[in-house]
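The structure appears below as structure tokens.
Counting from 1, the numbers follow the sequence of the chain as shown. First listed ligand is number 1; within each ligand, the first listed atom is number 1.
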Amino acid sequence: MSDPAIRVRDESGIGVVEIDHPPVNALARPVRAALLEAIERLAHDPAVQAIVIHGCGRHFIAGADVREFDAPPAEPLLHEVLNRVEALDKPVIAALHGTTLGGGAELALASHYRCATPDLSFGFPEIKLGLLPGAGGTVRLPRLVGIRRALELMTSGTPIGIAAARELGLVDHELRGDVLAGAVAFARERIAAGAPPRRTTDLPMPAPESPTVFADARAALSAAARRVPASEAIIAAVEASASQSWRAALAAARERFDACRRSTESRALRHLFFAERVPPPAGTPQPVATVGVVGAGTMGSGIAIAAAAAGLEVTLVDAQDAALAAGLGRIERHFADAQRKGRLDAAGAAAATARVRGATTLEALAPVDLVIEAVFESLEVKRGVFAELGRACRPGAVLATNTSTLDVDAIAAASGRPADVVGMHFFSPAQVMRLLEIVRGRDTAPAVLATAFALGKRLGKIGVVVGNGFGFVGNRMLYAYGREKELMMLEGATPIEIDRALETFGMAMGPNAVGDLAGLDIGYAVRRGWRERPDDPRFYRVSDLLVEQGRLGQKNGRGFYRYEPGGRRGTPDPEVDALIRAEAERLGIARRAIGADEIVERCMLALIDEGVRLLEEGIAARASDIDLVWCHGYGFPRERGGPMFYADTLGLGHVLERIRCYARTRGPRYWTPTASLERLARDGGRLADEPSAPTTSATGRG
Ligand code: T1G
């Protein structure tokens, strides 16, 4: 074989093709070439009566090699290899196990028969990369499962298990025990039965389940899905399969695939795919089997849920009996709900709940491997807790603080063992939000940082290592982003105009709706303690006024918007508009109509500028980390790749020119470009290409 990734052997007349291309058997070009060579050889070997294709390791095949998509497709093209597989005159059996995704699933559909083990995860996640199945999935899948189900599978990207695959007729035989031995035995049985090659494209396209099946699929797309061209491309490709020959439809799908591959949206989604897989920080992670959580409030109980759901033993500590009971109650209800929704069976829910024990003193945490503190956001309170943890916890235990804005080094110093201390900033609700900012303190030991990162991965989080600076990465940028929307409300934009403009841009929620959801008093308290707060009477003046007038958001029914009892979607409130107008007049601000373009541009440029500062200060290690923070923690549209990727898409020359324009028209207070931005703009550089640097503690802190 021309590539060690493909091994061929003869099992008494059954030709076995083994794909061994770690870590996920991606169908990279050399693998495709060797696979084609292997099946041609077996096709012409008279001793071979059937062929079994098998993937080594945990996965059958995870798909095409995503790294190849920035360049035009290279021969042999996957769809041509799969067409050759299907055309063979000998039965081809796909031996499926574990992950069978994208091009791997398409190879399975091009095979004549499919057998699979119970751990099968079969799907078409291409849409999550802004792509469509481009190697025959759009012509073969509907022939096997019908048009409606094919559209659902490909537009959702959600994989199915063995039961659904069997029910849909995608799997002919379920394997028990060794997947290869089972598949070879199945092949023999096929031969003995005289089973012919069964070609999927010989099947007629089924009639649409209803005249509106394609319109229904389009209507079912979420707002976010509609912003990704591949969603429509998938539907159009299946529509073409229903009206053209499979070869013509496949050719059309290839054209659509290449257009999607070159789209900004797909490049953005592929950027995030690899950003989510950056190597972990240096340092050897310590094993963590038991976790302590200090504080049984919303955050503490959410963190306890995430840990227990990941199989960890949890001790939840709260000095107040009532608070502890409330926290344990939240945890029990969470797992009971999970069972009710079918996400857990009864035993799983009971076991997860039982993994959380309550205690009222920190001494209960003496034996645990890692503690996460989630008490009230007060430096004094946290320092007091860490002083006790430093004494109570066993040597070598990791002590993590969930603070969202406070100085991790100041907290660490109180522990008496700062090398053991790290920040683990979860986002609320902690059991749902995937983002985890892992704050490296000045003295945090490498093994401690690595342990926190590994624990985050085990909890299913997207861990991003950040430096110890006010607001770390996410909230620091949020203040710049929010500053501009606050100023624009004084200058003439209404709260709903701000939110609509940014939601049309793709933000999951407008900033005013977010503030009402989180509680306007949260930000108010943080701004009070912000030493670097600009000396500017307009700075967050609207939000501050609302809080001072008792308008806290959803929690008390009035914030930027007015909420009906139990309602989640607020309605504009003329009282707020009047309050803003009066404050603008008091501040002597002339109001004007502000269009959506200006709203988006000022908020985005403020975000980008602050992100570049974070890179310059070493609080963020790389631009893609900032993109992860904002896509996973703040609802930035994934198809725009995050604020830094978006800046590169705009072009840094354009970004600099617009910031300078605002500096001229609005003054340099907030619009002074960084040296990095000027350098990159001058050199035609990109933020994505900036070398990553270790994160540091911000100047003047820690
Ligand atoms: N291409 C290249 N590298 C890949 C890859 C892929 N498809 N999938 C994973 N990797 C790398 C990943 O970057 C990481 O690298 C390592 O493998 C482990 O990944 C033609 C066009 C399979 C469920 O979208 O969903 O087929 O960090 O950390 O948690 O029509 O990887 O070791 O250097 O995620 O065990 C469609 C994407 C492609 C699947 C395993 N397929 N991958 O999860 O490991 S497009 C996908 C995954 C396509 C066809 C279309 C997951 C996984 P490194 P990991 P994991």
Quick one: does ligand 1 sit under 4.0 Å from the side chain of V24, the backbone, both or neither, non-hydrogen atoms only?
side chain
Option with minimal heavy-atom separation from atom 46 (C) of ligand 1, where the choices are P73, G102, G63, A62
A62
Are any of the N/O atoms in H59 less than 3.5 Å from those in ligand 1?
no
Would you indicate whether the side-chain heavy atoms of E209 and I147 approach each other to under 4.5 Å?
yes
Between R434 and E276, is there a salt bridge with N-O shorter than 4.0 Å?
no
State plainly whether the residues R199 and D89 are in salt-bridge range, i.e. N to O under 4.0 Å.
yes
Protein heavy atoms near atom 3 (N) of ligand 1, is at least one of them under 4.0 angstrom away?
yes
Could you walk me through whether D625 and V466 pass side chain to side chain contact (heavy atoms under 4.5 Å, CB included), step by step?
CA-CA 9 Å; D625 280 356; V466 298; over 6 Å; no
Which part of R277 is near ligand 1, with near meaning a heavy atom under 4.0 Å away: side chain, backbone, both or neither?
both
Closest approach of any protein heavy atom to atom 21 (C) of ligand 1, naming residue and atom:
F257 CE1, 3.4 Å
Within the structure, does at least one protein heavy atom fall under 4.0 Å of atom 53 (P) of ligand 1?
no
Using a 3.5 Å cut-off on N or O atoms only, is G103 in polar contact with ligand 1?
yes
Among side-chain atoms of R262 and S266, is any donor-acceptor pair under 3.5 angstrom?
no
Row check, F257 ring normal vs R261 NZ/CZ: under 6.0 Å, within 45°:
no
Please work out which of the three classes, parallel, tilted or perpendicular, describes the rings of F186 and H173, given edges at 30° and 60°.
parallel
Establish, yes or no, whether the cationic atom of R67 lies under 6.0 Å from the six-membered ring centre of F274 and within 45° of the ring axis.
no
For V66 and ligand 1, does the shortest N/O to N/O distance drop below 3.5 Å?
yes
So F426 and L459, do their side chains get closer than 4.5 Å, heavy atoms only?
yes
Which segment of P23 sits under 4.0 Å of ligand 1 when only heavy atoms are counted
side chain
Less than 3.5 Å between some nitrogen or oxygen of E126 and one of ligand 1, yes or no?
yes
Report the part of L27 in contact with ligand 1, treating N, CA, C, O as backbone and CB onward as side chain, heavy atoms under 4.0 Å; options are side chain, backbone, both, neither.
neither
Ligand 1-proximal atoms of R58, by part, heavy-atom distance under 4.0 Å:
side chain
Side chain or backbone, does L131 bring an N or O within less than 3.5 Å of an N or O on ligand 1?
no
min-distance protein heavy atom vs atom 49 (C) of ligand 1 -> E106 OE1, 3.2 Å
D172 and side chain to side chain donor-acceptor pair (under 3.5 Å): which partner among H112, R198, R166?
R198
Are any of the N/O atoms in F69 less than 3.5 Å from those in ligand 1?
no
